[in-house]
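Following: one structure in structure tokens, then a few remarks.
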2 protein chains.
Amino acid sequence: MKRITIYDVAKEADVSLATVSRVINDSNVVREDTRQRVQEAIEKLGYKPNAIAQGLALSKTTTISIVMSENLFAYNSRILNGLMDVAKIYNYNIMFHTTSKGISRMQDVIESIIKSRVDGVILFNDNFNDEEMEVLKEYQIPMVIVGARLDRKPEGKVGNVYVNFEKLAYDLVNESFDRGIDDITLVEDKLNLSMMNQLRRGIEKAYEEHGKEFKGYIGYDDSYKSSYNFLTDYYKDKKPSRLVITFRDSQAIAVRNAANEAGWKSMEDYEVISILDSKYLAMVRPPINSYILPEYDMGAIAMRLLTKMLVNDPSVQEDREIEIEYSPMIREKDKTGETEKVTFEAVS
Amino acid sequence: MKRITIYDVAKEADVSLATVSRVINDSNVVREDTRQRVQEAIEKLGYKPNAIAQGLALSKTTTISIVMSENLFAYNSRILNGLMDVAKIYNYNIMFHTTSKGISRMQDVIESIIKSRVDGVILFNDNFNDEEMEVLKEYQIPMVIVGARLDRKPEGKVGNVYVNFEKLAYDLVNESFDRGIDDITLVEDKLNLSMMNQLRRGIEKAYEEHGKEFKGYIGYDDSYKSSYNFLTDYYKDKKPSRLVITFRDSQAIAVRNAANEAGWKSMEDYEVISILDSKYLAMVRPPINSYILPEYDMGAIAMRLLTKMLVNDPSVQEDREIEIEYSPMIREKDKTGETEKVTFEAVS
DNA sequence: TTGTAGGCGTTATCAG
DNA sequence: CTGATAACGCCTACAA
């Protein structure tokens, strides 16, 4: 079956291809009756414009690349939803790239992004190094980094939509100090190194300002199982820190379960908080506190920013760095051990 | 900055563009020294072939569309990983589409798929109706449906990689009957209707064969919170079914928590099983049984099948329907109430 | 082994 | 308002 082209439509409607092109693109210089005729021909033949050819003619693909780490997939679904919805609104197609250690190095991803001639790029977190970003910048391709804050102020066609993890951690530690807690542990997360670093900086800063040194950075293997096993052993004869901070839900749950089963009492002996929220934190007993990040909005805002950059919206000259607000999600309040049932309504 | 083209390279290397094209495409009819020269020119200029132009010239985009429901995003991450990895191996780009009730109707997605002239499509589950599939088939675009089994045998350029949920449910119920259990509830999952239907068919078939009628299909709102609230109330003065089957982890956990807190004893009073596995099932107390579906493999197999279809591999003439094996994940074995710590190693 | 020229399907510029 | 025609960047017979 031969793919039907603009020529076929032109012949069918007895006009030139230029006219067909005009009605496709809503050019308003077409007389109403000929537009009708063309429309009918289009319907009749089932013609769909070839986006590839359009892309070539316009040097514009109306496609945006999203690149994220394969591991973080499940965790970023809400951000992705925000990105996709806004992309849809502005009629952009999405090219999806994942990076992982073995099979798809960042290098290859960049290569294919450039070849694809996408109009813009959304880069997740910053699981990439500066050089890689440079390559993209060389090719003048607008991009926005979403997740963590860039260390350096973005220049050129680069935007940044982020959560200020450093401030978050800094505030959290200060509040803890106010409550008389200074025995704090931060659990390493190898999947989110740059966010980790920012948390750490915030914590260390707070400690320093109190004339203390932070030494509670611990790491172990990254799966729930090994974390849990490690901690189960560890808590057997060692009390947990008064406050344990983790990045992801499963890490927090590992702490909760291990400490619980070793006989330590939540709130009384220790507290655990996960930076990222998830519905599962409400399902453990006792439930676990966290921060609510408006992830969907983050995605939506990031994509919106990119679309603005793509049309050279003047307003983005100044606002290429957007900080996203967060709020604490308290599920367990005091030492009574009483648990709220569930307070966070998540898309299930 | 002018994008550099094949012409620029040709001039730089002092050959014709045809020759450049040949070295790009590894045509082996190029003399070694000229190939060298061309390569150097390419490096020097930082030339990257324009995939759009290639696509136009070849009527082939080396791009595959993946379409899935926005809601199912977080649940399908492992399948997606399998899809992505294999796509990468065969050098296909991925166009990503999500469907949701409001913003992106299936209709629009199909439209953009056709316009994009992708080489093939991966369709998740079957949250789409037959008509929609017909449209895609009309345009002769090869596709494979992954997730549930198609009701009708695929014809034309359609493949199907699936888990036989009907059989799974049928077997599960029969085993339960063998163990003397016939009071079974299946919890509705609105996000996975077709899988639900298949589970239901399997259960009903088993009941029928035992001369009984299955009446345990219950549904309530879809979030964890509302499920939990509903069940908490429900179990206050009503015993859970002897066996409660849910599709997703959060539904199972809602049952577990609500029943637990209402004082019902796991294994002794009731059992709950989630069809889909997730690491979170190991984190609840007592942990929850499930089935392990090799999700990554499912994705990988599906993508591999599609790539074969795209090159008209003769072997796919027969094997366009691939059934994926599953295996039970037992985390709680008997009535002692003792829980295995964790038995499933998930990517954390 | 290399170069020439036509074609892939659209858009945009200029005449008419 | 409509119709030629030259791009857009690359591939591939066909010639040389």
Side-chain angles (χ1 to χ4, degrees), chain A residues 1-39 41-42 45-63 91 93 112 114-119 139, chain B residues 1-39 41-42 45-63 91 93 112 114-119 139:
Chain A
M1 163 182 134
K2 178 183 173 299
R3 276 278 153 74
I4 67 133
T5 76
I6 200 168
Y7 286 100
D8 303 317
V9 178
K11 195 182 299 171
E12 177 74 26
D14 198 32
V15 293
S16 79
L17 77 170
T19 303
V20 178
S21 176
R22 290 193 186 98
V23 344
I24 294 173
N25 299 295
D26 271 336
S27 166
N28 47 5
V29 291
V30 185
R31 214 196 308 143
E32 187 50 31
D33 60 322
T34 79
R35 139 172 278 114
Q36 287 276 334
R37 215 151 16 103
V38 172
Q39 273 300 0
I42 288 177
L45 301 178
Y47 166 72
K48 308 277 183 196
N50 181 331
I52 301 299
Q54 289 179 320
L56 187 60
L58 293 174
S59 308
K60 182 176 180 318
T61 52
T62 48
T63 298
N91 269 311
N93 289 314
S112 82
I114 294 172
K115 286 185 185 167
S116 304
R117 300 297 195 269
V118 297
D119 297 336
Y139 282 85
Chain B
M1 163 182 134
K2 179 184 172 300
R3 276 277 154 75
I4 66 133
T5 76
I6 200 170
Y7 288 100
D8 304 317
V9 178
K11 195 183 299 172
E12 176 73 28
D14 199 33
V15 294
S16 81
L17 79 172
T19 303
V20 178
S21 175
R22 290 192 186 98
V23 345
I24 294 173
N25 298 296
D26 271 335
S27 166
N28 47 6
V29 292
V30 184
R31 211 197 308 141
E32 187 51 31
D33 60 324
T34 79
R35 142 171 276 113
Q36 287 276 333
R37 219 155 11 106
V38 172
Q39 273 300 0
I42 288 178
L45 301 178
Y47 167 71
K48 308 277 181 198
N50 181 330
I52 300 300
Q54 289 179 319
L56 187 59
L58 294 175
S59 308
K60 181 177 180 319
T61 52
T62 48
T63 298
N91 269 313
N93 289 314
S112 82
I114 295 172
K115 286 185 184 167
S116 305
R117 300 296 195 266
V118 296
D119 298 335
Y139 283 85

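In what follows, chains are A, B, ... by sequence order, proteins preceding strands, each numbered from 1.
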Can you check the [X] [atom1] to [N] [atom2] distance for me, whole Å?
X      : N      : atom1 : atom2 : value
B:N50  : D:dC11 : CG    : C1'   : 13 Å
A:K115 : D:dC10 : NZ    : C1'   : 13 Å
A:I52  : D:dC10 : CD1   : P     : 14 Å
A:Q36  : D:dT2  : CD    : P     : 13 Å
B:N25  : D:dC10 : CG    : C1'   : 9 Å

Can you find a pair of side-chain heavy atoms, one from [X] and one from [Y], that are under 4.5 Å apart?
X      : Y     : value
A:S116 : B:N93 : yes
B:I42  : B:V23 : yes
B:I6   : B:I24 : yes
A:E12  : A:Y47 : no

Rounded distance (nearest 0.5 Å) linking atom [atom1] of [X] with atom [atom2] of [Y]:
X     : Y     : atom1 : atom2 : result
A:Q54 : A:S21 : CD    : OG    : 8.0 Å
A:N50 : B:T61 : CG    : OG1   : 9.5 Å
B:L17 : B:D8  : CG    : CG    : 11.0 Å

**OP:** Kindly indicate, with the supporting measurements, whether the criterion side chain to side chain contact (heavy atoms under 4.5 Å, CB included) is fulfilled by B:R3 and A:R117.
**Re:** CA-CA 10 Å; B:R3 276 277 154 75; A:R117 300 297 195 269; 3.7 Å; yes
Original post:
For the side chain of A:V30, counting heavy atoms from C-beta on, which of D:dC11, D:dT2, D:dC14 is nearest?
Top reply: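 The closest nucleotide is D:dT2.
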Original post:
Of all nucleotides in DNA chain C with an atom under 4.0 Å from a non-hydrogen atom of chain B, which is the first and which the last going 5' to 3'?
Top reply: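 The footprint of chain B covers C:dT1 to C:dG9.
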**OP:** Check the pair B:R22, B:R35 against side chain to side chain contact (heavy atoms under 4.5 Å, CB included), reporting the backbone distance first and the verdict last.
**Re:** CA-CA 9 Å; B:R22 290 192 186 98; B:R35 142 171 276 113; over 6 Å; no
Original post:
Looking at A:S16, does any N or O in its side chain come under 4.0 Å of the phosphate oxygens OP1/OP2 on D:dG3?
Top reply: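 So the side chain of A:S16 is within the cut-off, an N or O lying under 4.0 Å from OP1 or OP2 of D:dG3.
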**OP:** Could you tell me whether the phosphate oxygens of D:dT2, OP1 or OP2, come under 4.0 Å of any side-chain nitrogen or oxygen in A:T19?
**Re:**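 Answer is no, no contact under 4.0 Å.
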**OP:** Hey, which sits more toward the 5' end of DNA chain C by its nearest nucleotide, B:R31 or A:I24?
**Re:**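 Looking at DNA chain C, the more 5' nearest nucleotide goes with B:R31.
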Original post:
Pick the nucleotide of DNA chain C nearest each of B:L17 and A:Y7; which residue has the one closer to the 5' end?
Top reply: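 Closer to the 5' end of DNA chain C: B:L17.
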**OP:** Could you tell me whether A:V15 contacts a base, only the sugar-phosphate backbone, or nothing, with contacts defined as non-hydrogen atoms closer than 4.0 Å?
**Re:**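 Contact class for A:V15: sugar-phosphate only.
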Subject >> Within residues 53-61 of chain A: residues closer than 4.0 Å to DNA chain D (heavy atoms) >> reply: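 Correct list: A:L56, A:A57.
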**OP:** Start with the C-alpha distance between A:V9 and A:L45, add both sets of side-chain angles, then the distance that settles side chain to side chain contact (heavy atoms under 4.5 Å, CB included), and finish with yes or no.
**Re:** CA-CA 7 Å; A:V9 178; A:L45 301 178; 4.2 Å; yes
**OP:** Can you pull out how bent the helix from C:dT1-D:dA16 to C:dG16-D:dC1 is, comparing the axes over its first five and last five pairs, to 10°?
**Re:**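 End axes: 40° apart.
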Original post:
Ignoring hydrogens and angles, does a donor from either the side chain of A:R22 or the base of D:dG3 sit under 3.5 Å from an acceptor on the other?
Top reply: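 Under the 3.5 Å cut-off, the side chain and the base do form a donor-acceptor pair.
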**OP:** Grab the two heavy atoms, one from A:T19 and one from A:T34, that are nearest each other, plus how far apart they are.
**Re:**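 Answer, listing the atom of A:T19 first, then A:T34: CG2-OG1, 4.5 Å.
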**OP:** Answer yes or no: are there more than 12 heavy-atom neighbours, outside A:D14 itself, under 6.0 Å from its atom CG?
**Re:**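 12 or below, so no.
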